[in-house]
Amino acid sequence: MSKTDLYEAPDYYQIDELLTDEHKLIRNSVRDWVKMEVSPIIEDYSQRAEFPKHLLKGLGEIGAFGPTIPVEYGGAGLDYMSYGLIMQEIERGDSGIRSTASVQGSLVMYPIYAFGSEEQKKKYLPKLATGELMGCFGLTEPDHGSDPGGMVTNFKDAGTHYLLNGAKMWISNSPFADIAVVWAKNEQGKIHGLIVERGMEGFTTPETHNKWSLRASATGELVFDNVKVPKENLLPGISGLRGPLSCLNQARYGIAWGALGAAMDCYDTALRYSKQRKQFGKPIAGFQLQQKKLAEMITEITKGQLLVWRLGTLKNEDRATPAQISMGKRNSVETAIHIAREARQMLGGMGITGEYPIMRHMMNLESVITYEGTHDIHLLITGLDITGEEAFK
Ligand code: TGC
Ligand code: FAD
């Protein structure tokens with residue numbers, strides 16, 4: 001199997017000129033790391049449905065865990081453009097590896113940083129930043145996915161500690177995570193975040209098998225059977241559904257950039273293949289129908305690149321609204337999944353093999369279009385934002 005990564009990033013509108021030298025340096029170093037560490041092994045791990053755990057240290061070193069968390073807590077202290085570029089490059093390699101980074105940075109480190117006590121920040125953040133400690137985020141339940149406000153996982157005040165009961169499903173990183181940020185209702189029905197540590201009695205994390213998507217990412221459940229959670233593990237700075245949903249803003253922002261990375265890889269692969277592959281005596285790149293596909297791909301990628309660049313600018317100025325971030329996530333993933341499907345066809349039979357990354361991206365993106373809010377939920381978020389009329393319920 002060929003493992004040489006010939007990737008050349010498309011930049012049709014010279015968007016590089018909108019980036020600072022620091023942004024380009026960060027982007028290029030992550031791009032090199034992905035070529036060296038991810039591309040050579042990812043197909044095999046994906047085929048075996050195994051998470052490449054040995055990448056965790058490197059992900060910590062390139063600043064993928066909590067890029068925007070301040071340096072005093074072990075983060076990289078970078079801006080949101082850098083964060084986006086890091087996610088773009090990692091997902092160019094594989095959505096599952098980007099998932100691991102998204103969960104760690106946006107869904108575990110962010111809530112501890114934004115809503116945690118000083119003790120919690122000092123205890124967890126520096127180790128999460130290096131990957132020495134890994135985390136997961138428990139919001140979704142078997143009966144409450146798009147509607148997380150209906151959750152039934154709950155905790156009671158038991159005097160010296162809280163008693164946690166319930167179950168979470170579809171949790172990225174759960175099978176190996178050391179800690180879980182879990183969202184549960186108190187006796188008054190108010191949602192709070194709790195840090196649950198592996199090893200607490202009654203806490204188990206069974207793995208979910210037989211996935212055809214994100215096969216190189218570990219997914220599982222979180223099961224709480226009368227788990228005694230110390231009171232100091234409650235995140236003191238937030239209550240209500242706004243808590244977990246504000247973490248999703250961070251992760252959805254990263255996906256808006258990341259999914260475009262997967263799209264760029266599919267386009268680049270299809271373009272190169274079409275110039276080399278000959279049928280009827282000439283490269284298939286010379287046929288109008290193949291050119292239409294490529295022309296549409298680069299157009300959608302370019303529109304997406306401009307959208308996430310603008311979103312990054314707004315995010316740096318703390319002006320990006322949840323609805324704008326939602327649109328970015330939806331648009332990039334839809335763009336990517338469509339490009340992956342078209343690119344796969346351009347490779348003919350070769351497109352279904354692991355010789356090329358396209359089919360893996362295509363299958364991965366079926367999860368990405370579902371998690372962090374499904375495509376349809378994001379349409380409804382935009383619908384609500386522009387009409388003022390809620391259509392969820
Ligand atoms: P609703 O009544 O609209 O809102 C409840 C409270 O939350 C506030 N809010 C937000 N705050 C910050 N950011 C956002 N994006 C927010 N959206 C809403 C809202 O203002 C309100 O605040 P307050 O103070 O007035 O109480 O809530 P709803 O129950 O009607 O639901 C709305 C809906 C459907 C949009 C929302 O629940 C939703 O986004 N559903 C999708 C669920 C989802 O995205 N789950 C993701 C799980 S995590 C995951 O998938 C990780 S995958 C990771 C990986 O591997 O990469
Ligand atoms: P449902 O909510 O049951 O939706 C089913 C269908 O109904 C969808 O098409 C949806 O769009 C549609 N629908 C639902 N409500 C409406 C409505 N009001 N109007 C119109 N259509 C509607 N969750 C976590 O908490 N942490 C994680 O780390 C995590 N990682 C994940 C990893 C993977 C690989 C996957 C697949 C999921 C992960 N999730 C995680 C869960 C993910 O966020 C949910 O799958 C997602 O929010 C959708 O919930 P659901 O699967 O229950 O689908």
Side-chain angles (χ1 to χ4, degrees), residues 49 51 64 87 90-91 94-108 110-111 114-115 134-151 153 167-175 177 180-184 190-191 193 205 207-222 238-259 320-330 333 363-385 390-393:
F51 173 67
M87 295 299 125
I90 296 176
E91 192 150 3
D94 190 78
S95 303
I97 308 303
R98 196 272 306 136
S99 260
T100 295
S102 288
V103 169
Q104 182 85 342
S106 297
L107 300 180
V108 178
Y110 174 78
F115 312 129
M134 289 302 296
C136 65
F137 176 87
L139 180 63
T140 305
E141 298 188 353
D143 293 329
H144 301 281
S146 299
D147 175 22
M151 69 174 68
T153 297
K168 300 286 177 181
M169 195 179 177
W170 296 117
I171 307 305
S172 301
N173 299 355
S174 97
V181 170
V182 177
W183 300 92
K190 260 289 187 207
I191 295 172
T205 59
E207 183 156 3
T208 303
H209 296 288
N210 292 330
K211 290 181 301 167
W212 282 113
S213 175
L214 286 194
R215 287 170 64 79
S217 160
T219 314
E221 297 168 49
L222 303 174
I238 193 76
S239 75
L241 189 56
R242 202 166 50 83
L245 292 182
S246 51
C247 305
L248 299 186
N249 295 334
Q250 299 294 110
R252 288 169 180 172
Y253 171 79
I255 295 173
W257 283 85
T321 66
Q324 286 172 333
I325 295 168
S326 156
M327 179 187 281
K329 188 266 182 185
R330 171 171 54 84
V333 183
M363 296 196 301
N364 283 343
L365 289 162
E366 292 292 344
S367 286
V368 184
I369 204 165
T370 293
Y371 67 34
E372 296 281 357
T374 65
H375 181 79
D376 286 346
I377 288 295
H378 287 295
L379 283 170
L380 296 177
I381 290 173
T382 306
L384 167 62
D385 198 47
E390 194 191 286
F392 298 109
K393 293 165 191 162

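Indexing begins at 1, ligand by ligand and atom by atom, following the structure's order. On a predicted model such as this, the values are computed, not experimentally measured, just so you know.
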Could you check whether [atom] has a protein contact, counting only heavy atoms that fall below 4.0 angstrom?
| atom | result |
| --- | --- |
| atom 29 (C) of ligand 2 | yes |
| atom 53 (C) of ligand 1 | yes |
| atom 18 (C) of ligand 1 | yes |
| atom 25 (O) of ligand 1 | no |
| atom 3 (O) of ligand 2 | no |
| atom 22 (C) of ligand 2 | no |
| atom 37 (O) of ligand 1 | yes |
| atom 7 (O) of ligand 1 | yes |
| atom 6 (C) of ligand 2 | no |
| atom 3 (O) of ligand 1 | no |

Short N/O distance, under 3.5 Å, between [X] and ligand 1?
| X | result |
| --- | --- |
| Arg252 | yes |
| Ser146 | yes |
| Gly373 | yes |
| Ser102 | no |

Within a distance under 4.0 Å of any heavy atom of [X], pick out the atoms of ligand 2 and give their elements.
| X | result |
| --- | --- |
| Ile171 | 24 (C), 25 (O), 26 (N), 27 (C), 28 (O) |
| Leu139 | 25 (O) |
| Glu372 | 43 (O) |
| Leu214 | 34 (C) |
| Asp376 | 11 (O) |
| Phe137 | 24 (C), 25 (O), 26 (N), 27 (C), 28 (O) |

Mind checking whether [X] contacts ligand 1 via backbone (N, CA, C, O), side chain (CB onward), both or neither, at a 4.0 Å heavy-atom cut-off?
| X | value |
| --- | --- |
| Leu245 | both |
| Thr100 | neither |
| Trp170 | neither |
| Pro148 | side chain |

Where does [X] meet ligand 2, judged by heavy-atom distances below 4.0 Å: at the side chain, the backbone, both, or neither?
| X | value |
| --- | --- |
| Thr374 | side chain |
| Leu380 | side chain |
| Ser367 | side chain |

Identify, by atom number and element, the atoms of ligand 1 in contact range of [X], meaning under 4.0 Å from any of its heavy atoms.
| X | answer |
| --- | --- |
| Ile381 | 35 (C) |
| Phe137 | 48 (S) |
| Pro322 | 13 (N), 14 (C), 15 (N) |
| Thr140 | 47 (C) |
| Gly145 | 42 (C) |
| Phe392 | 34 (C), 35 (C) |
| Arg98 | 56 (O) |
| Ser172 | 54 (C), 55 (O) |

- Nearest heavy atoms of Gly220 and Thr208, plus distance in Å: CA-OG1, 3.5 Å
Nearest neighbour in protein (non-hydrogen) for [atom]:
| atom | answer |
| --- | --- |
| atom 50 (P) of ligand 2 | Gly145 CA, 3.9 Å |
| atom 46 (C) of ligand 2 | Thr370 O, 3.4 Å |
| atom 14 (C) of ligand 2 | Ser146 OG, 3.6 Å |
| atom 32 (C) of ligand 2 | Ser172 OG, 3.4 Å |

Non-hydrogen side-chain atoms of [X] and [Y] separated by less than 4.5 Å:
| X | Y | answer |
| --- | --- | --- |
| Ile381 | Lys329 | no |
| His375 | His378 | no |
| Ser367 | Asn364 | no |

- Item | Polar side-chain atom of Thr153 near backbone of Ala184 as donor-acceptor pair, under 3.5 Å | no
- For the pair Lys211 (side chain) and Ala49 (backbone), establish whether a donor and an acceptor sit closer than 3.5 Å, ignoring hydrogens and angles. no
- Item | Modelled atom types, side-chain donor and acceptor of Arg242 and Ser246, under 3.5 Å | no
- Query: Do any N/O atoms on Asp147 end up under 3.5 angstrom from N/O atoms on ligand 2?
  - Reply: no
- Contact (N/O only, under 3.5 Å) between Thr219 and ligand 2: no
For [atom], the option (of [options]) bearing the nearest heavy atom:
| atom | options | result |
| --- | --- | --- |
| atom 18 (N) of ligand 2 | Trp170, Trp183, Tyr371, Phe392 | Phe392 |
| atom 25 (O) of ligand 2 | Thr140, Leu107, Ile377, Leu379 | Thr140 |
| atom 15 (N) of ligand 1 | Leu241, Asp147, Asn249 | Asn249 |
| atom 46 (C) of ligand 1 | Val103, Leu107, Leu248 | Leu248 |

- For the atom pair CE (Met169) and CG (Asp143), what is the distance rounded to the nearest 0.5 Å? 9.0 Å
- Message: So is Gly149 touching ligand 1 or not, going by heavy atoms under 4.0 Å?
- Response: no
